[in-house]
Amino acid sequence: MAEVYIRVAEEENEEPMEIPSEDDGTVLLSTVAAQFPGACGLRFRSPVSQCMRGVRLVEGVLHAPENGWGNVVYVVNYPKDNKRKMDEIDASSAVKMKRGDMKTSDLIVLGLPWKTTEQDLKDYFSTFGEVIMVQVKRDAKTGNSKGFGFVRFTEYEAQEKVISQRHMIDGRWCDCKLPNSKVNMIHCFYLQQGPDEPLRSRKVFVGRCTEDMTTDDLRQFFMQYGEVTDVFIPKPFRAFAFVTFADDQVAQSLCGEDLIIKVHLSSIFL
DNA sequence: GTTGAGCGTT
């Protein structure tokens, strides 16, 4: 599919702005967010059903509806009641993504041979990029290696490459990972909450479902509120479903709402 | 003087 421009506006009846697609016909959410800070998705009015429909969003990539993007005006979705906060989050993450200057982290190196020294580590990892720190963890008394260590690169690209593969170091296969401490920090960043806060639910209960509702129906419907990461419908039919969003705030905002889905009325609870 | 999933004295 060739590059096209899709028409996007804050509201249905407002002057649309043309946003470029990628070579494969998809549109990046980051491209939309560059013009509409805080955007979390797109929706449009189906010419057939006259209902608003969500645009499929998977990991930041917006996918065209069945018959292509067409000439309809796409309307920007914002996280409900949370525009300001998302502005800040998106701005900071967008800057990091665009400039490619994501900060590197120490990486834990697991499975090192007992004999491996820090010089060995530096020599090995320097083939991936500039190394700014290596450590081999040792027993304080004996000085024996504990069989693991840490490494840090200057370039984020080198870090990604190193994490993505296994490493043969001095005759043993080793793994490089983000240390748990950092993984927790990253989780907190994406969940927009502190490490001590109780986990906020990203999943809503959808009551009064009808048997003709498919997971795709529910996904299409709820995408207008934010990125849907999972839809679960119990089998056999039990008249309810669970919909999980990428953003817990979207889930919170839908709590208590009554929504018309495929003509029927469903009630939303957490 | 050993070992083989894990998570960092400064």
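Being a predicted model, the structure only gives us computed values, none of them experimental. Reminder, nothing fancy here: chain letters follow the sequence lines and each chain counts from 1.
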Roughly how many Å is it from [atom1] in [X] to [atom2] in [N], rounded to a whole number?
X: A:Arg172; N: B:dA5; atom1: CZ; atom2: P; answer: 8 Å
X: A:Lys137; N: B:dT9; atom1: NZ; atom2: C1'; answer: 7 Å
X: A:Leu112; N: B:dA5; atom1: CG; atom2: P; answer: 14 Å
X: A:Asn180; N: B:dA5; atom1: CG; atom2: C1'; answer: 12 Å
X: A:Arg152; N: B:dG8; atom1: CZ; atom2: C1'; answer: 13 Å
X: A:Lys177; N: B:dC7; atom1: NZ; atom2: C1'; answer: 10 Å
X: A:Phe150; N: B:dT10; atom1: CZ; atom2: P; answer: 12 Å
X: A:Phe148; N: B:dT3; atom1: CZ; atom2: P; answer: 18 Å

>> Base, sugar-phosphate or nothing for A:Leu107? Non-hydrogen atoms, less than 4.0 Å.
In response: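 The answer is nothing, as A:Leu107 stays clear of every strand by at least 4.0 Å.
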> Should A:Leu62 and A:Leu28 count as side-chain neighbours, where that means a heavy-atom distance under 4.5 Å?
Replying inline: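 A side-chain contact is absent here, since even the closest heavy-atom pair is not under 4.5 Å.
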> Salt bridge or not for A:Arg166 and A:Asp175, using N-O below 4.0 Å?
Replying inline: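 Looking at A:Arg166 and A:Asp175, the cut-off is met.
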>> Would the base of B:dT10 count as contacting A:Gln135 through its side chain, where contact means a donor and an acceptor less than 3.5 Å apart?
In response: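 Yes, a donor-acceptor pair under 3.5 Å.
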> For the rings on A:Tyr225 and A:Phe245, is their centre-to-centre separation under 6.0 Å?
Replying inline: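 Ring centres of A:Phe245 and A:Tyr225 not closer than 6.0 Å.
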> So, do A:Trp69 and A:Tyr5 have ring centers that fall under 6.0 Å from each other?
Replying inline: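 Aromatic pair excluded; centres sit 6.0 Å or further apart.
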>> Judged by each residue's nearest nucleotide on DNA chain B, which is more toward the 5′ side, A:Leu178 or A:Gly147?
In response: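 Closest to the 5' end, via its nearest nucleotide, is A:Gly147.
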>> By nearest atom, which of the nucleotides B:dG4, B:dG8, B:dC7 is closest to the A:Asp106 side chain?
In response: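 Taking heavy atoms from C-beta onward, the closest nucleotide is B:dG8.
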